[in-house]
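Only one structure is covered here, and it is reproduced in the block below.
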Amino acid sequence: MDFGLSEEQQLLQDTVAQFLANENDPNQLRARFDAEEPHDETFWKGLMELGLGGLLVPEEHGGAGLQMIDAALVAETMGFAAAPGPFLGHTLAGLAIALGGSEAHKRAWLPKLATGDALGTVAFGEEDGSWLPEQWSVGGDALTGTKCHVPYGAQADVIVVGTKGGGLALVAPGDGATIELFEGVDRTRRLYTVRFDGAAAEALPDGSDAASRTRDAALILLAADAFGGASRVLAMSVEYAKTREQFGVTIGHFQALKHQLANMALETEPARGLFWYAAHAFDEVPEDCERMAALAKAHVTDRFMHVAREATEAHGGIGFTWECDVQMWFKRALFDRAWLGTPGTHRERAAQLAGW
Amino acid sequence: MDFGLSEEQQLLQDTVAQFLANENDPNQLRARFDAEEPHDETFWKGLMELGLGGLLVPEEHGGAGLQMIDAALVAETMGFAAAPGPFLGHTLAGLAIALGGSEAHKRAWLPKLATGDALGTVAFGEEDGSWLPEQWSVGGDALTGTKCHVPYGAQADVIVVGTKGGGLALVAPGDGATIELFEGVDRTRRLYTVRFDGAAAEALPDGSDAASRTRDAALILLAADAFGGASRVLAMSVEYAKTREQFGVTIGHFQALKHQLANMALETEPARGLFWYAAHAFDEVPEDCERMAALAKAHVTDRFMHVAREATEAHGGIGFTWECDVQMWFKRALFDRAWLGTPGTHRERAAQLAGW
Amino acid sequence: MDLSYGPEYEAFRGEVKAFLDAEWPLKGDEAKLDLQGQAVAFRKKGIAAGYLARSIPRHYGGSEQEADSLKAQVIREEFARARAPMEAMGIGTMMLVPTLLERGEEWQRERWVEDTVLGNTAWCQGYSEPGAGSDLASLKTKAELDGDDWVINGQKIWTSGAQHADFMFILCRTEPGEKKHGGISYLLLDMKQPGIDVRPLRQMTGGADFNEVFFSDVRTPKDWIVGKRGEGWLVSRTTLKHERNSIGNAAQAQGTFRNILKLAKQSTIDGKPAIENPAIRQRLATLEGYVQAHVYSGYRQMTAGLRGEDAGMIQLMNKLHSTNIGQEVAKIAVDLLGDGALTDPSQGARGLFAGPENAAGWVGQYMSSLGVAIAGGTGNIQRNVIAERGLGLPRDYFADAHKR
Amino acid sequence: MDLSYGPEYEAFRGEVKAFLDAEWPLKGDEAKLDLQGQAVAFRKKGIAAGYLARSIPRHYGGSEQEADSLKAQVIREEFARARAPMEAMGIGTMMLVPTLLERGEEWQRERWVEDTVLGNTAWCQGYSEPGAGSDLASLKTKAELDGDDWVINGQKIWTSGAQHADFMFILCRTEPGEKKHGGISYLLLDMKQPGIDVRPLRQMTGGADFNEVFFSDVRTPKDWIVGKRGEGWLVSRTTLKHERNSIGNAAQAQGTFRNILKLAKQSTIDGKPAIENPAIRQRLATLEGYVQAHVYSGYRQMTAGLRGEDAGMIQLMNKLHSTNIGQEVAKIAVDLLGDGALTDPSQGARGLFAGPENAAGWVGQYMSSLGVAIAGGTGNIQRNVIAERGLGLPRDYFADAHKR
């Protein structure tokens with residue numbers, strides 16, 4: 001019985017946190033947030049050098065061969081730092097190929113994804129708001145249709161596309177795909193619309209299983225990111241309450257604000273165990289995984305959004321400005337909450353999966 | 001343009017309030033609340049002498065011939081005082097007969113109801129949780145079936161029974177009806193289960209229209225009662241905060257409690273206009289009435305329940321005791337909220353009536 | 001109770017309609033003026049007819065009508081229907097003009113009231129400072145007399161329209177010996193002069209409705225002061241009340257509700273119209289309870305005004321109640337939007353009276369519903385006001401101690 | 001991570017099961033004892049086997065086992081499954097025994113620890129007073145030395161089990177010169193003596209789980225004091241922490257959730273099963289997010305305990321989190337009940353481990369969900385604790401000033 005982190009896991013999390021504290025402090029983050037340039041390759045390279053390119057890629061293919069709990073801990077740390085870049089889509093692409101690809105697919109892509117020599121992403125969303133394998137409509141031998149909200153679609157060397165019938169296919173962008181920027185709210189994770197018009201695509205042989213596992217993985221990574229983000233905006237608000245003065249005292253003296261901050265903590269801290277367990281279930285308790293991933297995504301991203309709103313208010317007028325760091329996390333919360341379906345959608349899935 | 005009370009209306013409300021302050025102060029109320037005896041006839045007689053027996057009964061039949069807004073204002077005052085007794089059912093019975101009865105029915109019952117020489121009530125609820133005219137199943141030439149949650153069913157001289165098909169019928173209890181006490185939570189309004197087994201009943205000729213009007217009237221009176229109740233528990237909580245001391249100051253100094261009380265006021269005070277308008281619509285704007293009555297009942301009784309919970313907490317440990325007056329209103333809130341259907345039911349009705 | 005306007009006011013409505021039919025849009029040469037010119041020309045006619053600037057004496061360019069909230073309401077309704085301009089809206093008409101009428105010098109009223117109401121002169125407000133927020137006692141911007149001029153140094157924040165304003169009304173510390181709320185004066189100053197640096201304050205939505213304004217040795221004449229030296233805090237008080245009332249307005253809440261209802265009808269959940277989803281229906285009907293309560297509370301307050309009675313505690317609640325409604329609308333919207341919530345709000349379109357017209361507009365509203373809370377004092381300050389002035393609870397310990 | 005117990009503990013579980021199979025229910029003459037007698041007889045066996053009173057030295061009647069939360073958890077699970085009695089639950093075992101072990105005199109431990117754990121001796125707690133609540137500094141009940149006895153006068157409130165208790169541990173003011181938290185002593189007293197008046201305090205549900213206790217010239221020996229004179233506040237501190245943790249417990253939240261789910265399956269809305277209503281499904285799934293978060297937070301804390309690490313801020317949240325869950329359950333229940341919410345709660349049936357079994361039971365739970373909030377300090381005090389001890393925010397001004 002042990003529901004806590006191993007030393008290795010703590011070390012992993014500390015290492016990533018330290019790197020991000022040095023390389024993505026609020027000023028560096030803000031520069032990337034405001035940049036026209038969608039992708040800071042130097043920063044990304046740094047993450048790749050830490051080995052974050054292949055967390056879930058088996059060691060035999062050059063990855064770290066870690067478990068979902070490890071990837072979730074990294075995602076939490078990325079969320080805490082609002083780290084910009086393609087981590088989400090890249091990690092999911094590697095997982096999808098590792099789970100569903102042929103040996104040739106794996107040999108072709110996994111080593112390069114693990115080192116960061118190639119960038120991967122996933123294309124799951126569709127124009128009608130569908131996100132889930134059973135809803136996908138893009139298909140055909142030569143791939144046709146539109147995928148929306150694809151992270152870093154224009155930069156990716158390989159896109160794992162969710163296809164009609166709930167399978168997956170690999171597309172190396174080129175002929176047959178038009179990719180354009182989607183003006184998204186979260187500038188730390190840029191999105192693209194990808195229109196396929198007879199694009200060459202290779203179906204993953206175990207695509208169907210891989211699709212549902214990758215969906216669960218995505219839900220867990222979003223929940224983990226949201227937990228990190230919620231922790232951060234709480235910390236920022238507490239810090240602000242300890243320094244900002246009004247009526248001759250720091251505003252942290254005001255009981256109403258104290259209780260708002262306590263409530264924010266209460267919305268945040270207990271959720272840690274929830275995303276931990278969803279990740280652990282992915283690794284070790286398959287019968288719980290699908291449902292807990294849905295519940296964790298719904299719950300934790302909702303909490304993050306709520307806490308981000310409260311954090312904005314806790315900062316007073318300045319909280320509403322672009323200059324205030326909170327807004328970058330606020331927008332990340334919007335992403336975590338909407339990407340791959342709203343909390344309402346996943347709560348209904350959780351209800352169905354429980355046989356309610 | 002005038003959305004305020006007339007001098008007559010203020011006088012009416014003041015008169016009833018004054019009577020209740022004298023005759024139903026918290027100690028008197030508590031005695032009635034705790035009494036085994038379900039009905040305090042002396043107190044009821046006092047209310048009848050004020051003319052509250054026939055508020056909605058036309059003057060030609062011995063009543064006050066007032067409008068729904070007037071009855072709602074009285075109901076608010078009764079709710080403020082948590083006045084015990086059959087006011088709700090009696091008022092609705094008089095209205096139903098005035099609206100739906102034959103001349104003979106009116107001549108037989110209305111004068112006696114107006115003076116209080118006879119006690120009336122309504123039997124709308126059924127065993128399966130149905131409350132509304134379109135759901136009623138009790139029927140037959142000789143009335144058969146069970147009506148639930150009938151206020152003062154055992155004391156009533158005439159019961160207006162909702163019948164199959166959405167009509168109304170008069171029953172003077174006697175042969176063919178078994179009446180037993182329902183152990184209800186709100187001891188200020190005692191309820192009975194009435195089982196008809198071939199009881200003699202006279203259908204009201206305009207029963208169908210009268211049934212839907214009486215339903216709307218009931219919803220409005222419950223909303224008005226709830227508003228009065230919410231105002232009272234708020235006032236009690238504010239008073240407690242101004243007198244109870246902790247850490248050397250009155251607890252009203254604590255910002256968290258101040259803000260809870262402010263939020264309670266914000267839940268309560270704006271609802272006044274809502275029940276006013278629903279009552280006004282009953283009198284003057286028929287096209288708005290059904291929907292606004294549903295919305296007002298849902299909204300105001302929900303607010304009362306919420307504020308009653310908050311008031312209990314605002315009183316600390318003592319709030320949870322039988323000795324604390326708040327509990328009598330807390331239970332009245334449960335009645336107002338559940339009787340004639342939950343807020344959820346009436347919100348769904350409001351949605352349907354708006355064509356959503 | 002009677003929610004109709006009655007024959008007298010319906011007759012008045014007829015007059016207003018006839019006026020509007022005849023005069024708006026403008027005709028002839030006047031129709032060739034630019035938009036601003038047309039508005040000014042039309043406002044003059046409206047004032048002459050007694051429909052605009054009704055509370056302002058003729059001597060200062062108003063139409064000096066007897067106070068009649070119902071006539072005012074009829075005028076608002078008909079002008080809105082005809083899309084005709086009313087008094088120049090903005091901080092000048094809403095806050096400066098009443099202050100000048102109540103506390104200003106004769107020459108100040110003559111110089112500024114009419115031009116402000118007509119829209120020839122635009123104002124901005126200099127109250128808030130970075131360190132202060134709702135705590136005016138901490139104000140730091142200084143004005144010192146140098147010969148016949150005040151010389152102003154310091155910084156203001158949350159100043160709307162500072163780029164376009166001709167003048168600012170500003171609170172400055174003029175009596176360095178005094179502390180807290182004492183020692184503050186209410187000055188007027190010309191914005192078109194050197195030493196003033198206006199920097200837009202970008203909001204999280206991407207828009208920039210506010211500015212920071214920096215003053216270095218900015219000058220204004222000695223007699224451009226409203227009220228006495230050191231009484232500025234008092235002078236500013238009347239106007240803040242105006243601002244609060246103006247935000248909490250029932251028609252706006254009703255409009256917001258219509259917008260979210262429209263969105264629910266257009267959106268789908270699991271492939272079916274969202275409006276058919278019982279969870280959404282419950283949320284909408286719950287929200288509508290608050291909205292209708294707000295609307296009829298507005299009628300109650302209007303009636304109290306017409307009768308010259310005090311509407312009571314409800315007056316202190318308009319702002320917080322409508323903010324709560326706006327926040328709930330925003331939350332429902334983001335659920336209805338689904339993927340739409342991923343959209344950059346700076347692309348948002350907002351229709352006049354129609355609310356957000358696309359996903360970006362709704363995302364902007366999701367953010368602004370917080371911003372609105374901030375603009376007129378945060379929720380916590382509103383709750384203090386309700387608790388203290390409405391419920392008679394003790395004053396806030398720190399605010400009180402700080403003022404003493 | 002590994003949520004299994006591992007082979008070592010599964011082996012231990014086997015031992016516990018074998019013990020229970022052999023010893024419970026009791027056999028022979030012991031099986032003829034009354035329930036209380038059976039429990040005492042069985043507890044002795046459980047202690048001898050090392051399964052009960054594990055943290056208590058053998059010298060005082062315990063089994064003196066090495067601390068092992070996981071073994072403790074296995075024991076709890078297996079005893080619950082077998083419905084076998086554990087240590088006598090109640091305020092004596094939970095609060096007095098740890099206090100005596102930490103601060104008591106040798107003779108006090110010898111006299112009371114074993115009998116309390118076995119269930120031969122029942123205790124009640126005298127902390128709260130009508131004027132004080134969570135503010136112990138305002139304590140008024142006095143104890144004065146008269147020869148070899150303390151003489152106690154005053155009143156306590158919220159005393160559970162006072163009617164049945166043999167003894168009370170009580171906080172009294174013994175040093176009249178000192179104020180606030182100083183001058184309070186922790187005394188023990190015999191409840192079976194004249195001068196003690198126990199009056200049940202009826203709750204809004206109709207039940208009476210608490211009492212008021214009045215003392216007039218009640219006597220207790222001079223040496224029935226735990227800790228030094230004037231240190232009572234300090235002595236009482238450890239135990240309060242115990243109480244808070246005991247209420248916030250994840251298994252209870254999970255049980256509560258199962259109950260509301262069952263109610264949703266049994267109830268109908270508009271003639272259809274309530275569990276199929278999308279609004280109810282959303283509310284239940286939202287609630288379940290909190291419940292599962294609470295459950296896995298419990299595992300986190302247990303792991304931290306096993307590792308000897310500090311679990312951090314989460315420890316301060318158990319109570320408030322589970323209270324919030326209980327309140328939300330109650331609100332959903334009242335909506336599901338419909339008419340059932342009209343039922344008198346004093347008729348309520350509550351099944352062991354099964355929760356409310358009828359409408360009256362649920363109405364009682366709707367009220368008790370508030371009462372629970374009150375029992376271990378109201379929500380506002382919990383929030384102060386989280387803000388101050390968890391987030392490091394400044395201490396409450398009034399509480400602090402009052403203590404100084």
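Since this is a predicted model, take the numbers as computed values, not measurements. Here is how names work: the chains are called A, B, and so on, in the same order as the sequence lines, proteins then strands, and each is numbered from 1.
Residues D/Gln292 and A/His299 are not in side-chain contact: their nearest non-hydrogen atoms beyond the backbone lie 4.5 Å or more apart. The shortest distance between side-chain heavy atoms of A/Arg303 and D/Tyr290 falls below 4.5 Å. When side chains are defined from C-beta on, A/Glu348 counts as touching D/Arg281, because their heavy atoms get closer than 4.5 Å.
Heavy-atom pairs under 4.5 Å with chain D peak, among A/Ala235, A/Ala271, A/Ala265, at A/Ala265. The most heavy-atom pairs under 4.5 Å with chain A, out of D/Ala293, D/Ala304, D/Ala264, come from D/Ala293. Contact count versus chain A (heavy atoms, under 4.5 Å) is highest, among D/Gly6, D/Gly390, D/Ala285, for D/Ala285. Heavy-atom pairs under 4.5 Å with chain A peak, among D/Leu306, D/Thr286, D/Ile386, D/Leu316, at D/Thr286. When the candidates D/Arg307, D/His321, D/Glu388 are compared by the number of heavy-atom contacts under 4.5 Å with chain A, D/Arg307 comes out ahead. With chain A as the partner, the residue from D/Ala387, D/Gly312, D/Gly289 showing the most heavy-atom pairs under 4.5 Å is D/Gly289.
Note that CG of A/Leu266 and CG of D/Leu320 are 5.0 Å apart. Values are rounded to the nearest 0.5 Å. Distance CG/D/Leu391 to CG/A/Leu234: 6.0 Å, rounded to 0.5 Å.
Counting all heavy atoms, side chain and backbone alike, A/Gly4 lies closest to D/Met1 at O-CG, 3.5 Å. When all heavy atoms of A/Lys258 and D/Arg395 are compared, the pair lying nearest together is NZ-C, 3.6 Å. A/Leu274 and D/Tyr296 make their closest contact through N-CB, 4.3 Å (heavy atoms, listed as atom of the first residue, atom of the second, distance). Residue A/Ala241 comes nearest to D/Leu393 through the heavy atom pair CB-CD2, 4.0 Å, listed as atom of the first residue, atom of the second, then distance. Here the closest heavy-atom approach between residue A/Gly252 and residue D/Pro394 is recorded as O-CD, 3.4 Å.
Residues A/Arg347 and D/Glu288 are not paired through a salt bridge, judged by the lack of any N-O separation under 4.0 Å between the basic side chain and the carboxylate.
If you check the side chains of A/Arg272 and D/Ser297, you find no donor sitting under 3.5 Å from an acceptor. In this structure, a donor-acceptor pair under 3.5 Å is absent between the side chains of A/His253 and D/Asp396.
Because its NZ or CZ atom is both nearer than 6.0 Å to the ring centre of A/Trp276 and within 45° of the ring axis, D/Arg300 counts as a cation-pi partner of that residue.
There is no contact between A/Leu257 and chain D, counting heavy-atom distances below 4.5 Å. Contacts between D/Asn384 and chain A at a heavy-atom distance below 4.5 Å involve backbone atoms as well as side-chain atoms. Contacts of D/Gln73 with chain A are absent, with no heavy-atom separation under 4.5 Å from either backbone or side chain. The contact between A/Gln255 and chain D is made entirely by side chain atoms (from C-beta outward), counting heavy-atom distances below 4.5 Å. With a 4.5 angstrom heavy-atom cutoff, A/Ala298 does not touch chain D via any of its atoms. A/Ile69 touches chain D through its side chain: at least one heavy atom from C-beta onward sits under 4.5 Å away, while N, CA, C and O do not. Both the backbone and the side chain of D/Leu3 come within contact range of chain A, with heavy atoms under 4.5 Å apart. Contacts between A/Arg349 and chain D at a heavy-atom distance below 4.5 Å are absent for every atom of the residue. With a 4.5 angstrom heavy-atom cutoff, A/Gln260 does not touch chain D via any of its atoms.
Other residues, nucleotides and ligands place more than 12 heavy atoms under 6.0 Å from the CD atom of A/Glu134.
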